[in-house]
There are 2 protein chains.
Amino acid sequence: MPKLDLDTIPQTNATGYPVAYAGVVEGRWYQRLAAVSGLSDFGVSHVTLKPGAWSAQRHWHEDEDEFVVMLTGEAVLVDDSGETVMRAGDCAVFPKDDGNGHVLQNRSDTECVFIAVGRPSQSDCHYPDIDMHLTGGRFVRKDGSAFG
Amino acid sequence: MPKLDLDTIPQTNATGYPVAYAGVVEGRWYQRLAAVSGLSDFGVSHVTLKPGAWSAQRHWHEDEDEFVVMLTGEAVLVDDSGETVMRAGDCAVFPKDDGNGHVLQNRSDTECVFIAVGRPSQSDCHYPDIDMHLTGGRFVRKDGSAFG
């Protein structure tokens, strides 16, 4: 049956971020919808941000496009152009390699929910605000050294 | 700015369907969001179905996955397993080559809106209910002959 039963798909707040940078995504609960339902052309995440939670550390990917559509609640999109409120039905795009770090922050006192589409991250990912970089699937400091 | 101004993106109800099969999509108004905003990994359509309109003729693609999330209103998803109502926040997946023709039909008296994600159709597309087939980017009858 094509309609997904979202209640049966595992939800997690797991992150690969080093401890120093993981706090902001502790309240980010997500379900990976694609692989469990037989899709492989692209990934789809159903994301719930608890109050205070961020979608990620502000970042941009070298070789993966991303698309987001808000379903419920409100988040603040922070990028190089400033801050933009995102509400149900609002869409945002994050083209690969555009050098514009982006993040959704839930600054409200209720949950917000959005869908994020993108291929799994295989290229380098840049984090303009913190001393972290993703390369070869591994988080390192900007000088290439490992986190302790 | 990553947030899309949907009011500035062209909307169309264009279809490549032959006249005999185009009636059901006359009230399907869509905006292609990806190319105009710099995305190339996948396509994204913002689709409004007027009352009575269908998302497409019931179909399945040989080599393109599709994902849909409802934003507002209500549509009936018709596929080989029957009929399923889709409302805001509901998600559906249509894995490539699954042989399960699908369509969203707006049987309500108000518009419904959804986001559809998928790569542009390059493979053959099958239409189980009508005498039509998509191959080589061209709509033909099931015996391969051209529409008159």
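Chain A is the first sequence line, chain B the second, and so forth, proteins listed ahead of strands; every chain is numbered from 1.
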Report which part of B:L4 has an atom under 4.5 Å of a heavy atom belonging to chain A: side chain, backbone, both, or neither. both
Under a 4.5 Å heavy-atom cut-off, does chain A meet the side chain of B:V93, its backbone, both or neither? both
Take atom CD of B:Q11 as the centre, draw a 6.0 Å sphere, and report whether it contains more than 12 heavy atoms from other residues, nucleotides or ligands. yes
Do side-chain atoms of A:Y17 reach the backbone of A:V24 as a donor and acceptor pair under 3.5 angstrom? no
Report yes if some heavy atom in the side chain of B:R141 is under 4.5 Å from a heavy atom in the side chain of B:M132; otherwise report no. no
Do A:K96 and B:S40 touch side chain to side chain, with heavy atoms closer than 4.5 Å? yes
At a 4.5 Å cut-off on heavy atoms, which part of B:L39 comes close to chain A: side chain, backbone, both, or neither? both
Which bit of B:S37 comes within less than 4.5 Å of chain A, counting heavy atoms only: side chain, backbone, both or neither? both
Pick from A:V117, A:I115, A:V113 with the largest number of heavy-atom pairs that fall under 4.5 Å of chain B: A:V117
Does B:S45 use its side chain to pair, donor to acceptor, with the backbone of B:V47 at less than 3.5 Å? no
Looking at A:E64, A:R119, A:H46, which has the largest count of heavy-atom pairs under 4.5 Å with chain B? A:R119
Greatest number of heavy atom pairs closer than 4.5 Å to chain A - which of B:V44, B:T72, B:L77, B:D80: B:V44
Considering non-hydrogen atoms only, spot the tightest contact between B:A146 and B:R138 and give its length. CB-NH1, 4.3 Å
B:D63, part contacting chain A, at a heavy-atom distance under 4.5 Å: backbone
Are there more than 12 heavy atoms of other residues, nucleotides or ligands under 6.0 Å from atom CZ of A:R32? no
Please state whether the side chain, the backbone, both or neither of B:V85 comes within less than 4.5 Å of a heavy atom of chain A. backbone
